[in-house]
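I have placed the structure first, in the form of structure tokens, so that the comments after it can refer back to it.
Computed from a prediction, not measured in an experiment: that's the story for all the values here. Within every chain, numbering begins at 1; the chains are lettered A, B, ... in the order of the sequence lines, protein sequences first and strands thereafter.
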There are 4 protein chains.
Amino acid sequence: MSEISSTPGRKRNPLIDEAILEATLDELAERGYLNLTMDAVARRAGVGRPTVYRRYPNKPALVLAACTSVAARHVPSPNTGSLGGDVEVLLADLTRVFTRTRAAQIVPALLSARDEHPELGAAAEAVWDERRRAMREVLEHARTRGEVDSNLDIEIAIDLLYGPLYLRLLVTQAPITGQLASGLADMALAGLTVRRAENGLEAKER
Amino acid sequence: MSEISSTPGRKRNPLIDEAILEATLDELAERGYLNLTMDAVARRAGVGRPTVYRRYPNKPALVLAACTSVAARHVPSPNTGSLGGDVEVLLADLTRVFTRTRAAQIVPALLSARDEHPELGAAAEAVWDERRRAMREVLEHARTRGEVDSNLDIEIAIDLLYGPLYLRLLVTQAPITGQLASGLADMALAGLTVRRAENGLEAKER
Amino acid sequence: MSEISSTPGRKRNPLIDEAILEATLDELAERGYLNLTMDAVARRAGVGRPTVYRRYPNKPALVLAACTSVAARHVPSPNTGSLGGDVEVLLADLTRVFTRTRAAQIVPALLSARDEHPELGAAAEAVWDERRRAMREVLEHARTRGEVDSNLDIEIAIDLLYGPLYLRLLVTQAPITGQLASGLADMALAGLTVRRAENGLEAKER
Amino acid sequence: MSEISSTPGRKRNPLIDEAILEATLDELAERGYLNLTMDAVARRAGVGRPTVYRRYPNKPALVLAACTSVAARHVPSPNTGSLGGDVEVLLADLTRVFTRTRAAQIVPALLSARDEHPELGAAAEAVWDERRRAMREVLEHARTRGEVDSNLDIEIAIDLLYGPLYLRLLVTQAPITGQLASGLADMALAGLTVRRAENGLEAKER
DNA sequence: TATTAATCGAGACGGTACGTCAAGTCTTCTA
DNA sequence: TAGAAGACTTGACGTACCGTCTCGATTAATA
């Protein structure tokens, strides 16, 4: 009795898979999503155009695949004992990703791809989900430690912590520095306003 | 004696200026930046294609112009007396803009246009500058009132307040509600962590 | 008391009429009919485009007018006493026109204009009518002198005499020289074949 | 050991080559060169516009190709034994082509194409070369038979024989009939003038 | 080991949008 | 009212990219 052959014929070359994704990321970084050409990707990967289309049905799908391939790489799960320390680690890491990697070009590209093919939206979430999950964990630990209010809406808190970095990356294009990240963490954790409680303390100090 | 006319020849029809921008915004809202066609804009404006090109040299320039035309419309300059009240007003207004107007489609479009032609970047800033200016003013007033620390980095504070809304609009596409805005304002102003000072206060009250 | 002017308003400047036609001929000679632009004509004449259109309804009409303006200038009406001499004069003059004037560019232009607007065909005939008339006259004189057969179809004869020059001008673009013209005249008048009658004569002379 | 394939990639569909040329000729005949549209040709050939441009870089090149494709089709090489008979055959055939085929539209189109892009001039010669070659052959045969003078300039003779038909086709647009062709042949071979030799014969007959 | 079938590079193909250019009309201002 | 400047509609031009297809050649499992 013979096994049902899984798939006869020549097998796909896995080196090509990698070359295509890498070429896509390079093109994305150099030229941006809108100026990225399927032909340029194929040429850069040393590959025929149909070889790309055999793997990804269209341009946004290719871009999405390239982005996700690079996204979920080693997000830290810090456990420094204090919320401040954990948040600091996470924001510093995102800062590193936004400045030391091609993410500055890749994230906008991903948004463009989703804009063109909305059904990719769900898949695109994977790119930032892992980071949100890490922050969620950190906040929940802080809650069990009593470091934050038990009624805290954690999703909004995540938005508050990550939002400014994305704002600078996508919108204002202001520089994203390590100093920014720690300043941001301090503000978010302590709040902007000088509180009555502190006034009370100051009063005591007099 | 007659003045030398500034520019001879037929004058441009200002109604056409408006019709083109309005048609661009409509197309942007309905079809998105990538599926927006110069021809569709021209047809919708009841205008020939070269008439569009006479005004804007290419697609991203047209889109930028349309976005800026709609951007700086009546940003409020609140003065409720408290930082909390002012911030609430500004975030509520941005929420309104993000949910009740075409901004949800227009802001991503603007980013795509800038992505395609990076030299438009500088001009694109005008779209959010007015809103940042309003928040800056509010924070400076709070500083003179002693409501915030005099060492506060105001630009980062602005990022902290606006960032989460842009994050939801552009990235996570989570709903943006009035409740979110006020929750956000509270968190940002008061901070995420339960502070020792409050504990002390509570202790005293017992 | 003032006379009621027959045509009120500013009078047309006749210098402009001439400038437009001259500019058209120049453009025709330099760039050819298809690459001639109404705008270029207007600019070259130092005139606004509508000023051209006020005189000629469209491009082929303008070109036709320019061609006819230059066409019927002094066609000779030779009367040397012999058909050979008269034909020689006419063909030599056409040779001169085809080589020393802009006719080499103008005649093809005229054909293109007629091709585009066939109703101009009748008017275009004026350009070569005068020359055909001159040749017709010469042939009729020869007939009354008995130099040609009284049954000769004169229209065909005209075609035979002028045809080769037009063929070179329009089709083969072979050089048109004075030597060509006289060789052509000889052939046409004497015929290509060596005739028996001449053999008979030679035989008698021995 | 395998041969190196001459040209990799998909082969061009030769049916499309033909369809494009045929569509071009049809459009030329129906609408003329100036009103011929690349888009109309493509649509008529059931083909995308870039497919036309892949073969021919622009409109005049396409028109030239279409004309040459139809030109050299079976020009007769008559050998009736007499120059008169041979010339009769060739002129009758050209008459047929000018009246029974699309040549009446195609030849002017070709001239327009050359007028627009002069560098096509050399290639355009192929269209009438074959016919001139045939006439040259006929005249050389007549020379070896002693039917024409050995000093006859054959190129001029060809112009003399073909010129009138082209003149009617292109310039005067007078009808081109079989009767015209034979009358023309007679005149060209015998000459227009009544010669002295004939007078001598007539004298003898008395 | 020969067959079989999918993969690969190259490139043709239909379609659609881009950005340019010219024709011909219309409007505004000046002389 | 003529004339100059130039905006305007229409529609063709030639280019670029997308996504599909066909071709010939190669490669790897199966028989």
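- Residues meeting the side-chain hydrogen bond (donor to acceptor under 3.5 Å, both in side chains) test with C:N35, sequence neighbours left out: none.
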| query | What's the verdict on side-chain contact (heavy atoms from CB on, under 4.5 Å) for A:L120 and A:L110, showing C-alpha distance, side-chain angles and the deciding distance? | reply | CA-CA 10 Å; A:L120 300 179; A:L110 189 53; over 6 Å; no
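- No side-chain heavy atom of B:V41 sits under 4.5 Å from any side-chain heavy atom of B:V47.
- Within residues 111-123 of chain D, no residue has any heavy atom under 4.0 Å from DNA chain E.
- To the nearest 0.5 Å, atoms CD (C:E125) and OG1 (C:T68) are separated by 13.0 Å.
- Side-chain contact check for A:I106 versus A:V127: every heavy-atom pair is 4.5 Å or farther apart.
- A 6.0 Å sphere centred on CZ of A:R31 holds no more than 12 heavy atoms belonging to other residues, nucleotides or ligands.
- We find that CG of D:N35 is positioned 11 Å from C1' of F:dA12, with the value rounded to whole Å.
- Heavy-atom contacts from other residues, nucleotides or ligands closer than 6.0 Å to CD of C:E18 number 12 or fewer.
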Protein-nucleotides 20-23 of chain F N/O pairs closer than 3.5 Å?
unit_1: F:dC21; atom_1: O2; unit_2: D:R10; atom_2: NH1; d: 2.8

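- B:I20 contributes atom CD1, which lies 12.0 Å from atom OG of B:S69 (distance to the nearest 0.5 angstrom).
- Across the protein-nucleic acid pair, A:R12 atom CZ and E:dG9 atom P stand 12 Å apart, rounded to whole Å.
- Atom CG in C:L62 sits about 10 Å away from atom P in E:dA23, given to the nearest Å.
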| When you look at B:E22 and B:R102, which way does the salt bridge (Lys or Arg N to Asp or Glu O under 4.0 Å) test go after all the steps? | CA-CA 11 Å; B:E22 198 54 38; B:R102 290 169 296 195; 3.0 Å; yes
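- Distance CG (D:L15) to C1' (E:dA12): 14 Å, rounded to an integer number of Å.
- Side chains of A:P108 and B:L111 form no contact here, defined as non-hydrogen atoms less than 4.5 Å apart.
- Residues from residues 36-48 of chain C lying near DNA chain E, meaning a heavy-atom separation below 4.0 Å, are C:L36, C:T37, C:M38 in numerical order.
- Comparing B:R31 and D:N13 against DNA chain E, the residue whose closest nucleotide sits nearer the 5' end is D:N13.
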| request: Report the C-alpha distance between C:D17 and C:R55 in whole Å, list the side-chain angles of each, state the deciding distance to 0.1 Å, and finish with yes or no for salt bridge (Lys or Arg N to Asp or Glu O under 4.0 Å). | output: CA-CA 8 Å; C:D17 290 55; C:R55 287 163 169 75; 3.1 Å; yes
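- Near DNA chain E, meaning a heavy atom under 4.0 Å away, there are no residues from residues 16-30 of chain B.
- For the pair C:R44 and C:E27, the tightest heavy-atom approach, listed with the atom from each and the gap, is NH1-OE2, 2.7 Å.
- Toward the 5′ end of DNA chain E lies the nearest nucleotide of B:K59, the other residue of the pair B:K59 and C:N58 mapping further downstream.
- What separates CG of B:L34 from P of F:dC17 is a distance of 15 Å, to the nearest Å.
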What side-chain donor-acceptor pairs closer than 3.5 Å can you find for residues 58-65 of chain C, not counting sequence neighbours?
unit_1: C:N58; atom_1: OD1; unit_2: C:A61; atom_2: N; d: 3.1
unit_1: C:K59; atom_1: NZ; unit_2: C:Y33; atom_2: O; d: 3.2
unit_1: C:K59; atom_1: NZ; unit_2: C:L36; atom_2: O; d: 2.9

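- Between C:T51 and F:dG3, a side-chain N or O to OP1/OP2 separation shorter than 4.0 Å is absent.
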